[in-house]
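What follows is a short report on a single structure.
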Amino acid sequence: MADTEIKTRDQIPAEYKWDLTKLYASDGEWEADLKKVPELTKNFVSYKGRLSESADVLLEALHADEALDRQLEKVYHYASLKNSADQGDSKAQEDLNRVMMVYTEASSATSFFVPELLSVPEEKISQWMQQPGFENYRIYIQKILHAKPHTLSEKEERLLALQSETADTASNTFSLLSDVDLDFGSVNVNGKEIPITHSTWSSLEENQDRNVRKETYEKFYGVHEKHANTLAALYSGSVKQDIFIARARGYNSSLEASLYGDKVPVSVYKNLIETVHKNLPALHRYYALRKKVLGLEELRHYDVYVPLVKSVKVNHTYEEAVEIVRNALSVLGKEYTDTLCSGLLNGWTDRFENKGKRSGAFSSGAYDGYPYILLNYKENSIRDVFTMAHEGGHSMHSWFSVHNNPFRHYDYTIFEAEVASTFNEELVFEYLLKNAENEEMKKYLLSMRASDILATLHRQTMFAEFELKCHEMVENGEPLSTDTIRSTYRSLLEQYFGPEMKFEKSSDLEGLRIPHFYNAFYVYKYATGISASLALVKRVTEGGEKELNDYFNFLKSGGSRYPIEALKVGGVDMSSTKPVQDALDVFAGLVEKLENLL
């Protein structure tokens with residue numbers, strides 16, 4: 001897979017694709033399970049109006065609820081993965097839409113459950129929960145009770161369930177437009193025409209030839225400029241949907257609505273932004289250093305990703321990258337590394353880019369099947385080795401969660417997930433730095449790590465601040481337009497990048513191309529995640545058996561605790577600003593080392 005041609009899905013060898021037979025041996029088997037959903041729904045609905053009768057009836061209803069949800073999760077997971085592998089495949093689109101239709105119907109029919117359960121006196125429910133048979137549901141019920149202040153009547157919940165499919169219209173349309181319909185052209189690199197895609201974007205922007213970077217940037221954002229109004233309308237629609245749900249459920253804001261389920265105080269989100277603001281001088285020093293090292297009269301937006309150390313080139317085959325990950329994570333023990341690396345080589349991972357494939361990378365775990373990983377691996381990008389370790393952290397978190405929890409308690413939150421992933425990234429960095437062959441490689445790794453922490457901590461916080469500002473504007477009665485979205489984003493670019501950066505007219509279009517913005521108030525978890533992981537890596541590598549066991553207890557906890565409590569088990573308190581400040585101090589230290597070295 002070393003050539004530059006982007007292949008069609010059927011041209012990718014089977015051994016490079018994920019093995020979905022662990023979910024379903026065939027589409028026919030999946031079809032049969034999909035057809036079982038209405039009967040499972042009917043069985044669960046038969047308990048409507050009966051939940052308060054006795055502990056036995058409630059337990060039977062919980063079993064029926066679990067059977068339905070597990071079936072829905074499995075059929076959705078299969079269809080979603082097939083669609084992500086080739087979003088241009090009309091059958092994959094149709095199958096995913098069919099699942100969503102069935103899911104919407106099931107959600108509507110079963111919307112009685114939570115309101116009816118909450119109508120049962122809590123004292124009675126607490127007594128029933130102590131009886132045998134309820135062990136696998138106690139935390140699940142506790143979390144439902146936590147949502148009681150924002151749970152609506154049965155009729156209202158049914159209405160919200162009925163509109164759940166249309167609620168994703170903006171997100172789905174953005175994904176199809178961005179990943180399938182938009183054509184960014186190509187750029188000539190050393191005599192070869194390289195197509196500009198979301199996947200090749202990062203490697204092209206890392207190219208040492210400034211003309212390649214500039215041409216890539218201008219073509220990429222030139223296409224976005226032509227569709228700016230459409231992209232702005234889609235994002236505005238997504239923000240309005242978030243606010244509609246928050247107001248319908250009686251939250252004070254869409255931010256509170258997003259954080260409430262995880263029991264994360266709004267102060268954690270806002271304190272993150274405030275703490276990063278206080279430490280922006282170190283970030284501005286980094287960009288001043290970048291301008292000086294690159295020998296530029298003006299630092300442009302297309303200059304911020306190119307490696308600062310020009311003489312170091314890297315190339316790792318996929319298999320070599322797996323071995324780097326194995327060695328780097330050895331502190332976590334043989335069971336961890338053997339399980340992960342076997343998965344990376346045998347069926348967990350969809351390795352390489354193909355036409356229509358979703359851009360970027362993700363880990364998608366369910367209770368059944370493998371904890372699958374989507375990659376768009378490039379041999380000449382060291383960042384893709386880090387991405388492999390990152391997504392592997394997610395998948396191993398899922399693996400431990402599934403193997404240590406019942407179905408209702410296995411699903412951990414995104415807040416926790418970004419800890420396991422960035423924990424692995426830090427271990428890979430430390431391993432590569434320790435085994436660097438020469439001083440130039442050390443300089444390269446240090447500069448790359450500073451860039452990566454910047455991307456995860458500072459950049460994601462900037463994204464989080466942008467999301468908050470956009471939602472607050474609409475909540476305060478100010479409509480989102482193409483101009484207001486772009487001006488808001490531009491002001492943040494100027495604040496975070498500092499005085500050394502000269503932006504292009506199109507630079508603020510970046511705010512209209514980020515897929516995560518369609519999952520509101522998600523990206524801040526990258527910033528809190530790396531802050532927690534840097535603290536935990538230090539604790540595990542400098543500690544002993546207890547500290548390692550604490551970390552594994554965190555991974556094993558799954559959804560059995562709220563995220564801040566789960567992280568306390570691991571050894572870090574994210575309700576304070578200390579982990580964020582400590583992570584920012586790590587970044588400032590890297591900048592100082594780079595100033596001395598470069």
Side-chain angles (χ1 to χ4, degrees), residues 37-38 40-51 61-62 64-66 68-73 75-76 79-80 96-120 140-175 234-264 266 408 411 413-414 467 470-472 474-475 480 517-522 559:
V37 171
L40 290 169
T41 302
K42 183 179 178 181
N43 181 44
F44 180 34
V45 172
S46 70
Y47 291 94
K48 182 178 180 180
R50 300 183 56 207
L51 299 184
L62 288 169
D65 180 27
E66 178 180 340
L68 172 61
D69 274 7
R70 188 164 174 177
Q71 186 87 330
L72 281 169
E73 180 186 77
V75 295
Y76 172 80
S80 176
L96 183 57
N97 287 334
R98 289 174 62 203
V99 173
M100 292 309 299
M101 289 174 67
V102 169
Y103 177 84
T104 299
E105 291 171 2
S107 297
S108 174
T110 60
S111 59
F112 75 91
F113 178 70
V114 171
E116 184 176 331
L117 181 65
L118 293 178
S119 70
V120 181
Y140 173 61
I141 295 297
Q142 288 173 11
K143 290 184 176 180
I144 290 176
L145 294 176
H146 172 64
K148 187 172 184 176
H150 302 286
T151 301
L152 308 178
S153 69
E154 179 189 337
K155 287 184 178 180
E156 291 168 327
E157 289 292 339
R158 182 174 181 274
L159 286 173
L160 291 184
L162 284 170
Q163 67 89 51
S164 61
E165 187 176 359
T166 56
D168 292 331
T169 299
S171 175
N172 293 338
T173 304
F174 169 82
S175 183
L234 288 172
Y235 182 58
S236 177
S238 181
V239 171
K240 290 174 184 176
Q241 176 67 21
D242 298 334
I243 294 170
F244 160 68
I245 294 296
R247 288 176 174 171
R249 294 198 175 280
Y251 291 99
N252 293 318
S253 67
S254 50
L255 175 62
E256 182 187 63
S258 177
L259 304 184
Y260 183 85
D262 290 344
K263 271 194 179 179
V264 174
V266 169
R408 279 301 182 205
D411 194 15
T413 66
I414 301 297
E467 286 188 282
C470 286
H471 284 77
E472 286 182 339
V474 177
E475 286 169 342
L480 283 183
F517 289 166
Y518 288 83
N519 185 358
F521 306 113
Y522 169 97

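Just so it is clear, the structure is predicted and the values come from calculations on it, not from any experiment.
- Around atom CZ of Arg158, no more than 12 heavy atoms belonging to other residues, nucleotides or ligands sit under 6.0 Å away.
- Residues Val75 and Val99 come closest through the heavy atom pair O-CG2, 3.9 Å.
- For the pair Gln163 and Ile245, the minimum side-chain heavy-atom distance is below 4.5 Å.
- Not a single donor-acceptor pair under 3.5 Å links the side chain of Thr173 to the backbone N or O of Ala170.
- Atoms OG and CG, from Ser164 and Leu159 in turn, are 11.5 Å apart once rounded to the nearest 0.5 Å.
- The backbone N or O of Ser108 sits less than 3.5 Å from a side-chain atom of Ser111, completing a donor-acceptor pair.
- Here the NZ-CG distance, from Lys240 to Asp242, works out to 12.5 Å after rounding to the nearest 0.5 Å.
- Panel note: side chain Glu116, backbone Arg50; a donor-acceptor pair is recorded below 3.5 Å.
- Contact between Ile243 and His471 at its shortest, heavy atoms only, is CD1-O, 3.7 Å.
- Here Leu62 contributes atom CG and Ile141 contributes atom CD1; the two are 5.0 Å apart, rounded to the nearest 0.5 Å.
- Between Leu51 and Ala61, the shortest heavy-atom distance links the atoms CD2-CB, 3.6 Å.
- Interatomic distance, Ser171 OG to Gln241 CD, rounded to the nearest 0.5 Å: 11.0 Å.
- Side-chain contact check for Val264 versus Phe521: every heavy-atom pair is 4.5 Å or farther apart.
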Could you go through the side chain to side chain contact (heavy atoms under 4.5 Å, CB included) check for Thr110 and Tyr47 one step at a time?
-> CA-CA 10 Å; Thr110 60; Tyr47 291 94; over 6 Å; no
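- Val474 approaches Arg247 most closely through the heavy-atom pair O-NH2, 4.3 Å.
- Inter-residue side-chain proximity for Leu234 and Tyr518 is flagged as met; some heavy-atom pair is nearer than 4.5 Å.
- Side-chain contact between Val102 and Thr41: absent, with no pair of heavy atoms (C-beta onward) separated by less than 4.5 Å.
- Counting non-hydrogen atoms of other residues, nucleotides and ligands closer than 6.0 Å to NZ of Lys148 gives a total above 12.
- Side-chain contact between Cys470 and Tyr235: present, with at least one pair of heavy atoms (C-beta onward) separated by less than 4.5 Å.
- Rounding to the nearest 0.5 Å places CD of Glu475 at 9.5 Å from CG of Asn252.
- Counting non-hydrogen atoms of neighbouring residues, nucleotides and ligands closer than 6.0 angstrom, the NZ atom of Lys143 exceeds 12 such neighbours.
- Listed here is the closest heavy atom pair of Glu157 and Leu152: OE2-N, 2.8 Å.
- Using a 4.5 Å cut-off on side-chain heavy atoms (C-beta onward), Leu96 and Ser80 make contact.
- Note that OG of Ser254 and CZ of Arg249 are 14.5 Å apart. Values are rounded to the nearest 0.5 Å.
- In this structure, the ring of Phe44 has its center less than 6.0 angstrom from the ring center of Phe113.
- Within the 6.0 Å centre-distance limit, the rings of Tyr251 and Tyr260 are counted as a close aromatic pair.
- Contact annotation: the side chain of Arg408 approaches that of Asp69 to within less than 4.5 Å [non-hydrogen atoms, C-beta and beyond].
- Looking at every heavy atom in both residues, Ile144 comes nearest to Leu118 through O-CD2, 3.8 Å.
- Of the N and O atoms on the side chains of Glu156 and Ser153, at least one donor lies less than 3.5 Å from an acceptor on the other residue.
- At distances below 3.5 Å, at least one donor-acceptor pair connects side-chain atoms of Thr104 with backbone N or O atoms of Met100.
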